[in-house]
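In what follows, chains are A, B, ... by sequence order, proteins preceding strands, each numbered from 1.
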2 protein chains.
Amino acid sequence: MLNGSSRKVAESYRQRVLHAARELGYTPNLPAQAMARGTSRTIALVISLISDPYFSAMAAEIMKQAETLGLHVSIAVTERQADRELDLVRELRGQQPRAIILAGSGYVDPPSEQQLVDELQRYEETGGRVVLISRSDLPFETVDFDNHEGARQLALQLAGLGYQRCLVLGSGTPLLSMQRRVEGFVAGLEESGVADAGSRVHHPDFSWSGAREFILGLGDDQLRDLQLVFAVTDDMALGALAGLRERGLRIPEDLGIAGFDDITTLRDVVPNLTTVHVALDAVAEEAVHRATTTDPNPTRRTAPAYPVLRASTPPLPT
Amino acid sequence: MLNGSSRKVAESYRQRVLHAARELGYTPNLPAQAMARGTSRTIALVISLISDPYFSAMAAEIMKQAETLGLHVSIAVTERQADRELDLVRELRGQQPRAIILAGSGYVDPPSEQQLVDELQRYEETGGRVVLISRSDLPFETVDFDNHEGARQLALQLAGLGYQRCLVLGSGTPLLSMQRRVEGFVAGLEESGVADAGSRVHHPDFSWSGAREFILGLGDDQLRDLQLVFAVTDDMALGALAGLRERGLRIPEDLGIAGFDDITTLRDVVPNLTTVHVALDAVAEEAVHRATTTDPNPTRRTAPAYPVLRASTPPLPT
DNA sequence: TTGTAAGCGTTATCAC
DNA sequence: GTGATAACGCTTACAA
């Protein structure tokens, strides 16, 4: 009765109670409130890895948005294991959060997908909201980046600078969003008249070390033939960069390099990496908005992703 | 009665109930459980900034530890505002977490310190546990790094390489742990016979840009006189590095540079940065252990911090 | 072993 | 306006 109820109380009592509350250090018992009201003020967020710059930036933006609405955020991590996702959702559901936001990468056709969908649907039936970020494959509210278009534009611009023979590093674990990036990049190259655009696509392990090790395993001749390495995330691009340097190549003199995401880490990397900037803040805002708004039919919205050309991909001499 | 109670039930019923539960997608209502039991399975974590590599690594370690004990983690962020801490603790207390871990930097003598202590003590009186990380100034369980010793050892080693005229970048907002680092570094220099060891200590804004801007504002003569820049965090060291490069200095040829924390970001920075490694995992483990164990009298424990010399501080020619 | 009832802290409802 | 009471979903204590 202290908080937003419609009860009318004499102001004098109100003041006395408020004062006593302060005096005694009273704080409303949120779980009890949630139980009585039937709805909590918590949003559950599922991400892959909190120590990853991309996800921690995403989490930060989501928390910021939640904060403005007076909501708490409970975070759970999958550690990149597809099956963990299902368990986590089950556990989180028990916390009775107002909404569950799945921001971990969406696996292509994981064995447990149907179970995940069932679980989420049951959650929705009990009044919860589900929002998906970066995985437009499931029948729920979805916010996504325009992965295809961002990568395509990047390829167009790079081709304009003269880059043709591009090594593309996709993700070893099949993730929908990463596949889109590969497709977009290849499409952009093809549009620019690059003949064998799709012939240099590979899928190392989806990590910094995966990219690095792939580069280290490349034959000298394959490496020398290249003009550019494009990786589907900045994380992988940086791993590739490390590998290329270990192979004795100078960047960007010998080889250009480009990534995707525009993570903060890039600030400290020399040469400055060309990448595709994604509007994290817009996506976070949209996701939290969806999570707290009741809208009968699920929509998909796409946030912009646009290339940012920097020192790692100078114009090629003609 | 489904979970760890002492009730004895016929196995056949048990199976049937378990089956039905699965069938219907039943999940125990955690808040209700918490209310009935009087204790929840949630740990509340307060940090400064989730997008900061140091804090996100810390959060990741804490979540990992909590996970092994079947606990959930609810994260709240102060955004580096000292007064937010108090509000957050109040709010968090309402969530009735089993423990509150304060990992945000400890401000030296904030105006609201007494209120914060009161609030935390009230929380403890109602059965909650309080654990402090990196701020050994309050009467609660504390886990800390050996900031002084780590910085001192770093200074000793650097002095051994020939570095004498060192610019020290401390924290503009007075933080206990950062002060220790400055003191330790200066002490190490003094022990090594550097005469004016404490004369080049400055306190720019506690951030990447703070450090960068400080460097940009330095006079040419002051800059040229230096042999090394030591910043109390890697984040600041990287900001300084950016500034130094903008000033046209080559690192490490013209100037050495060193930081503190050994954040993951350093992996991608050239030259590799000399820093002080802190055992985040050990601290996280200890913190979660303390948070879940009842120990009548608060203890302070210190985790090791040791220098790691890398390419940014080569031996000086003699 | 099993059923029953009380109680956790809060909100909402329904009379007064 | 205000007081009393049921209800939220679960655990626990006490009988049966």
Side-chain angles (χ1 to χ4, degrees), chain A residues 1-44 69-72 74 89-100 119 122-129 292, chain B residues 1-42 44 70-72 74 89-100 119 122-129 292:
Chain A
M1 59 168 134
L2 271 169
N3 322 282
S5 101
S6 59
R7 232 181 189 335
K8 260 98 195 140
V9 199
E11 186 58 19
S12 64
Y13 283 114
R14 211 181 103 77
Q15 288 306 334
R16 270 174 59 191
V17 171
L18 246 36
H19 183 77
R22 188 153 305 277
E23 198 75 2
L24 294 158
Y26 168 84
T27 302
N29 182 320
L30 265 19
Q33 247 180 10
M35 194 160 103
R37 289 213 245 245
T39 171
S40 79
R41 301 199 63 72
T42 300
I43 289 187
L69 278 76
L71 301 169
H72 304 272
S74 175
V89 168
R90 254 199 265 269
E91 276 185 51
L92 287 175
R93 201 148 75 80
Q95 294 191 35
Q96 313 289 120
R98 170 169 301 205
I100 296 182
E119 193 70 30
R122 269 199 290 260
Y123 172 65
E124 279 195 326
E125 280 162 18
T126 63
R129 304 275 304 159
T292 51
Chain B
M1 60 168 136
L2 271 168
N3 323 284
S5 102
S6 57
R7 233 180 189 335
K8 260 100 195 139
V9 199
E11 184 58 19
S12 64
Y13 281 115
R14 210 181 104 78
Q15 289 306 335
R16 268 172 61 187
V17 170
L18 247 36
H19 182 78
R22 188 155 303 278
E23 199 74 1
L24 293 158
Y26 169 84
T27 303
N29 182 319
L30 266 18
Q33 240 177 17
M35 192 161 104
R37 290 212 248 245
T39 171
S40 79
R41 300 200 62 72
T42 300
L71 300 170
H72 303 273
S74 176
V89 168
R90 254 198 265 270
E91 275 185 52
L92 287 176
R93 200 148 77 79
Q95 294 192 36
Q96 314 288 120
R98 169 168 302 205
I100 297 184
E119 194 69 31
R122 269 198 290 261
Y123 172 64
E124 279 196 327
E125 280 160 21
T126 62
R129 304 275 304 159
T292 49

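Remark: side-chain polar atoms of A/R98 are not paired, donor with acceptor, to backbone N or O of A/R41 under 3.5 angstrom. In terms of modelled atom types and a separation under 3.5 Å, the side chain of A/Y123 and the main chain of A/R90 share no donor-acceptor contact.
Regarding B/Q96, its CD atom lies at a distance of 14 Å from the P atom of C/dC8, rounded to whole Å. Rounding to whole angstrom units, CD of residue A/Q95 and C1' of D/dC10 are separated by 16 Å.
For the pair B/M35 and B/Q96, the minimum side-chain heavy-atom distance is 4.5 Å or more.
Ion pairing between A/E119 and A/R122 holds under the 4.0 Å rule for side-chain N and carboxylate O.
Note: A/I100 CD1 to A/R129 CZ = 12.5 Å, rounded to the nearest 0.5 Å.
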Distances under 3.5 Å only, N/O to N/O: pair up the protein atoms with those of nucleotides 5-9 of chain D.
{"unit_1": "D/dC8", "atom_1": "O2", "unit_2": "A/A36", "atom_2": "N", "d": "3.4"}

